[in-house]
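Worksheet: one structure, shown below.
Both counts, for ligands and for their atoms, begin at 1 and track the order of listing. As a basis for the values below, the full set of heavy atoms in this structure was taken, side chains included, without hydrogen atoms, waters or symmetry mates.
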Amino acid sequence: MLRRLMTALSMAFCLAVTALAANAQAPVRGSPRVEALLARMTIAEKIGQLVQMPGGRQKALNSRIDDNERARIRAGRVGSYLNVAGAEATRELQRIAVEDSRLHIPLLFGMDVIHGYRTIFPVPLAMAASWDPAVPERAARVAATEASAAGLHWTFSPMVDIARDPRWGRIVEGAGEDPYLGSVMAAAQVRGYQGVGLDRTDTIMATAKHFAAYGAAMGGRDYAGADISQRSLEEIYLPPFYAAAREGAGSFMAAFNEIGGVPAHANRALLRDTLRTRWRWPGVLVSDWNAVAELRNHGVAESEGDAAELALRAGVDIDMSSGAYADTLEARVRRDPQLLALLDEAARRVLMIKERLGLFDHPYERSDPANEAGAMLTPANRAAAREAAARSIVLLKNDGGLLPLAASAPRIALIGALAQDANSQLGSWRAQGHVEDVHPLLPALRAAMPHAEIETAGDEIPAAVAAARRADLVLLVVGEDFDMTGEARSRADLGLPGNRQAMADAVLDTGKPVVVLLMNGRPLAIHRLAERAPAILETWFLGVEAGPAIADVLTGRVNPAGRLPVSFPRASGAVPFPYARLPSGRPADADPAHDTTRYRDLPITPLFPFGHGLSYTNFTFSDFAVRPLPNGTFRASVIVCNDGARAGEEVVQLYAHDPVASVSRPIEELRGFRRIALAPGEAKRVSFTLSPAQFAIWDAGRWRIEPGEIQLMVGASSADLRGRAAFRIAGAGEGREPAAAIFTPSSEEPIR
Ligand code: GLC
């Protein structure tokens, strides 16, 4: 009797402690419907909501759905599927869940819709190069309308990992190296996917991934650990996640990597203390594929059950595909009542998201076959993809004004296998994009230049050289195949793969005017090509409208205004080399006689700097000044003029440096930007409003605002600075958000 009393008391105490701990985080209470449902659920049914099964593969959707899966749904032992899509397929499974299971809880269907569902947009790194948040927002909006028409509720996107090491193959999936640009692009994609509200059936739930610091992988090797300081984590890698959470992202995905030896899926400080308690984020946190079970590989769990328990305690709500929750949690929960409260908390969050998506009221509306076909690849969607592609192209070099091509260019040699490789334009995450949907370069070029005679050649050097010799101008297409970036695609050598450098050299040796078109998913170390080729366009992988967009830029129908979201290195060994570097006690000096922080065998600058991009016209900056406003903010403004003969767009970039602080601060950090259109001769004043909190420094758990001078630099890239000014922060204070995640309002007004 006494033993039973003691057990009951200890259970009650544990539940109280856990409830208290849970309440210390963002208070999570569901609607009466959710709470009533939770109260009726068995332990097995609660665990069922935390189970996500693979219903197929990206290239074989629904291929794993069989009677066993249907039975699993009927028994309430699965809460969501990935890689199940299609109105019919999702409707069939949803009907089983809603009508045949005991509690009629609807399923969630999720998928990697990364840069388009059927209308494939430029890869995310390319869209970041537009420096126009409307571009990824529009792409996400189109993706949401198509994916939701196919019965999907959830995309595992945006990937918001900051990446400063181009050896890391997944750099292609994010917005590059800068936390401010990354935060802007993260919020824009969440807005696009989730629209005005997730109860609208043309929306899908966004996932901010991979939480966190996945891009800081040691050596750029995918899945490797991140050995970074807490300051780097808070100031560089977390801001885009914070921006996504603030924008209302319904879910987060934990990262494969460990930080300082603590795997993300077992990292309670990250998943609970930061995400739930500090940021008060109420959404659902899903594991990455099989990552719960892989806690054993990390060496922090001895068994599958230990791994499951560790992940649940750390705050992982849903186990994607590993089976660890399904196989082991019930026994663990029955053995340890403290886990029951954590199980309730996780199941509650899943039910709340299903309610937020409107699935309890209209579980079938996103699975309407009548709506599906008509939603895909519409002319409007293609037009949006073409505009996104054109706005993402970066003019890296244009010596002698070789571009835009004269309409009368008689004989053109279009050289390089990539020029004909429509498949690569879809990138590595292509959802339901079809190669035959891609409008490739050659027909687009022929349509744009009907008088030109265009001959093609692949990567074989003799044929390439012969074609170049017969031409008046060469379009040399080099770079990487789509499959050289993306997951598990890290490379140690950032040069042109295969024989492409030798082929490029041989073509350049002909002495013909050569325009290089780069197609790639990461910065490449192409210093020799960059020295020799007079003109270079960075065209990334641009999606279904790649050809027309490139032709638009080549012929001048579109004046390129993309800017690099990541630095290009001079050599594979010169990474990571972010622009926002600390000065060190011996700041880099171009004079090799001085002992400073540099490589002795390379110049101290990158091949192409962060923010770099040229135009077919020319912009001048003047009157840069900053002044305090009554409300404690500061207004920086500059006049930008198009003094060329062609309309164009400039990306006005605002950088900041804190010259003296309690810790060493980066030599410059992006704190604002605005892409503006200017007619020939037109001038505009561009203004940015800054707050002291945007210069706060992470200091042991808080954002400290320090008094002192802040230097501002405005320019056309991180290395092309056209104006300097400074202001003083008068008093100390405390920020409430990551400094880099605080958006800088900007405006433009014409100068008469
Ligand atoms: C992959 C990726 C993740 C993706 C998930 C589901 O391994 O890391 O980004 O969302 O599995 O496909």
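Listed by atom number, the atoms of ligand 1 under 4.0 Å from K209 heavy atoms are 3 (C), 4 (C), 9 (O), 10 (O). The atoms of ligand 1 that sit less than 4.0 Å from any heavy atom of F256 are 7 (O), 8 (O). Numbered from 1 in the order shown, with element, the atoms of ligand 1 that lie under 4.0 Å from a heavy atom of R170 read 2 (C), 3 (C), 8 (O), 9 (O). Taking every heavy atom of W429 and a limit of under 4.0 angstrom, the matching atoms of ligand 1 come to 12 (O). Taking every heavy atom of W289 and a limit of under 4.0 angstrom, the matching atoms of ligand 1 come to 7 (O), 11 (O).
Seen from the ring of W429, K209 counts as a face-on cation partner, given the 6.0 Å and 45° thresholds. Geometrically, R138 does not engage F121 in a cation-pi contact, judged by NZ or CZ lying under 6.0 Å from the ring centre and within 45° of the ring axis.
Looking at Q52 and S321, their side chains never bring a donor and an acceptor atom within 3.5 Å of each other. Of the N and O atoms on the side chains of R170 and Y214, at least one donor lies less than 3.5 Å from an acceptor on the other residue. Using a 3.5 Å distance cut-off with no hydrogens or angles, the side chains of S157 and Y193 do pair a donor with an acceptor. A donor atom on one side chain and an acceptor atom on the other are found under 3.5 Å apart for R430 and N423. No hydrogens or angles considered: nothing links the side chains of N371 and E365 as a donor-acceptor pair under 3.5 Å. In summary, the side chains of E146 and T119 do present a donor paired with an acceptor at a separation below 3.5 Å, with no hydrogens or angles considered.
Ligand 1 is approached by M320 to a heavy-atom distance shorter than 4.0 Å. Residue M111 places every heavy atom at 4.0 Å or more from ligand 1. The shell of residues lying under 4.0 angstrom from ligand 1, judged by heavy atoms, includes M253.
The protein non-hydrogen atom at the shortest distance from atom 10 (O) of ligand 1 is D112 OD1, 2.5 Å. The protein heavy-atom contact nearest to atom 3 (C) of ligand 1 is D288 OD1, 3.4 Å.
Considering backbone and side-chain atoms alike, E487 places an N or O below 3.5 Å from some N or O of ligand 1.
Under 4.0 angstrom from ligand 1, the non-hydrogen atoms of L82 all belong to its side chain.
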